[in-house]
Amino acid sequence: MKPSILIVDDDDVMRETLSDVLKKAEYEVHSVGSGGETFSVLKKNVVDLILLDMRLPDMDGLEILKKIKEFDTEILVIIMTAYSDVQNAVSAMKSGAYHYINKPFDLEELRLLIEKGLETTSLINEVRRLHRQHNEENQKNEIYGNTPQIQYVKELIGMISKTNKTSVLIQGESGTGKELAANAVHFNSKRALKPLMKINCSAIPDSLLESELFGYEKGAFTDAKTTKKGLFELADGGTVFLDEIGDMKPFLQSKILRVIENQSFMRVGGEREIKVDVRIIAATNRDLEALVKEGFFRKDLYYRLKVMVVEMPCLREREEDILLLSNLFIEENNREYGKNINGLTEDAKKIMVQYSWPGNVRELKNVIERAMILADQTHITPKQLPFELRQSEGCFPKSMDLNRLEMVEIMPLETMEQIYLANVLKKLDKNKSKASKILGISRATLRAKIKKYHLSEN
Ligand SMILES: Nc1ncnc2c1ncn2[C@@H]1O[C@H](COP(=O)(O)OP(=O)(O)OP(=O)(O)O)[C@@H](O)[C@H]1O
Ligand SMILES: [Mg+2]
């Protein structure tokens, strides 16, 4: 859309000259000869900028300016004054005029002034738009949870966001919110209005990954018909998120290390050193330390990334959050699907809390979504939960059948506890979280007992 300009001047020749020049410069132009007419134009048309003569027959220029600003503070006003009118020009600037120009003026000078003014407006609008977008994205990136584990993570992310260059390593099981954490770091940092570029290192073949990350020069390989910028260049000023970094090949790992250390790299097939300002956030659900020991991951890169580690806690260890997140996702789905589910029944809650959630929050989100589709009443009942969740419910004896516990021999309680624990662990394939749930003790207590009875080795 063409920017639109309104000329307010009682001098007919002036009006026509300006009108012609500005129309040629591709603006939409309106013009009036009095203060009163100004507002009838403003009421009917969108105007971006007004050229306002300070001396009009019917109204004082300053008065019109104030009225224009009351009508719409966003309209740019350029005042046209006589040389002798400096005092008036100063008052006009104080009342919100964008600029003033002395009559007689050079048309080219006025054109440049208009161009600059409109450019400023569009930049202001762009910044506003980005701020709005940023706030919206940020809402989507909220990490929910009340347990100390997740509160700690949130505080840590808050602190990391205040740093600008330090690389970050996010570790955690699948679905624990690693990407969410990366978003939170970026959008809460000074880099928030710059790009956040993401790539999944396990999803792309090595050679392609290299040119995706670093770009290539024309002729670097047969298909390189033009030069192409890579992710690091595109993210300049912002953040690069390297997901599943544990799957990256060592030759690329050393290139990443160089980017971290020198903030520079070369495109594939290139000889030019390209400087960039990026923060690297890497994520993995693999045990990087073990990969280092096995020689699959470079030790130097590992140590470089390890400076700031965010460990995303798994869901099964934060029972309170299971219900909090369930309610959150129920509300989300209510809004999305126009449903009206109030929550989970007590039985369903029990099942949710007892389950081990190997797929963590993502799995929980999917379970709730599925249940909501099936739900036909006000609450989600066990019937709407998937089979594997209900199965774990069976691990809890509803009432104890004493006859089933056979007395073998009389022994000290501790010895019996040791034998019993060893059996439970064996039966559950050493799944400690299941064991702790069935035994009705915390994982920490179970771990302590395992240590006490030396059960972990066998
Ligand atoms: N604390 C949380 N609060 C709200 N939503 C969460 C939270 N943690 C995770 N989620 C949601 O769970 C889903 C999975 O999160 P995300 O993709 O960040 O996990 P991930 O660790 O990157 O998983 P993967 O290892 O599978 O890539 C997303 O939809 C995310 O919004
Ligand atoms: Mg992920």
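In each ligand, atom 1 is the first atom listed, and ligand 1 is the first ligand listed. What you see is a predicted model; the values in this text were computed from it and never measured. What's counted below: heavy atoms across the whole structure, side chains too, no hydrogens, waters or symmetry copies.
Here the CG-OG1 distance, from Asn183 to Thr239, works out to 10.0 Å after rounding to the nearest 0.5 Å. With rounding to the nearest 0.5 angstrom, the NZ atom of Lys432 is 10.5 Å from the CG atom of Leu455.
Nearest protein heavy-atom neighbour of atom 7 (C) of ligand 1: Leu180 CD2, 3.3 Å. Of the protein's non-hydrogen atoms, the one nearest atom 12 (O) of ligand 1 is Val361 CG1, 3.6 Å. For atom 16 (P) of ligand 1, the closest heavy atom belonging to the protein is Gly177 CA, 3.7 Å. Among all protein heavy atoms, the one lying closest to atom 14 (C) of ligand 1 is Arg362 NH2, 3.7 Å. With respect to atom 22 (O) of ligand 1, the closest heavy atom belonging to the protein is Glu179 N, 3.2 Å. Atom 20 (P) of ligand 1 has its closest protein heavy atom at Lys178 N, 3.4 Å. Protein heavy atom at the shortest distance from atom 4 (C) of ligand 1 is Tyr144 CD1, 3.7 Å.
For Gly175, the closest heavy-atom approach to ligand 1 falls below 4.0 Å. For the ligand labelled ligand 1, residue Leu325 lies inside the 4.0 Å heavy-atom shell.
The local environment of CD in Gln377 is sparse, with at most 12 non-hydrogen atoms from other residues, nucleotides or ligands closer than 6.0 Å. Within 6.0 Å of CD in Glu294 there are more than 12 heavy atoms belonging to other residues, nucleotides or ligands. Within 6.0 Å of the CG atom in Leu208, the count of heavy atoms belonging to other residues, nucleotides or ligands exceeds 12. More than 12 non-hydrogen atoms from other residues, nucleotides or ligands lie less than 6.0 angstrom from NZ of Lys255.
Here is the list of ligand 1 atoms found below 4.0 Å of a heavy atom in Lys365: 29 (O), 31 (O).
Proximity of Asp321 to ligand 1, defined as any heavy-atom pair under 4.0 Å, is not found for any part of the residue. Contacts between Met312 and ligand 1, counted as non-hydrogen atom pairs separated by less than 4.0 Å, are absent for every part of the residue.
Taking the charged nitrogens against the carboxylate oxygens, Glu414 and Lys452 do have a contact shorter than 4.0 Å, which makes a salt bridge.
With a 4.5 Å cut-off on side-chain heavy atoms, Asn285 and Glu244 count as touching.
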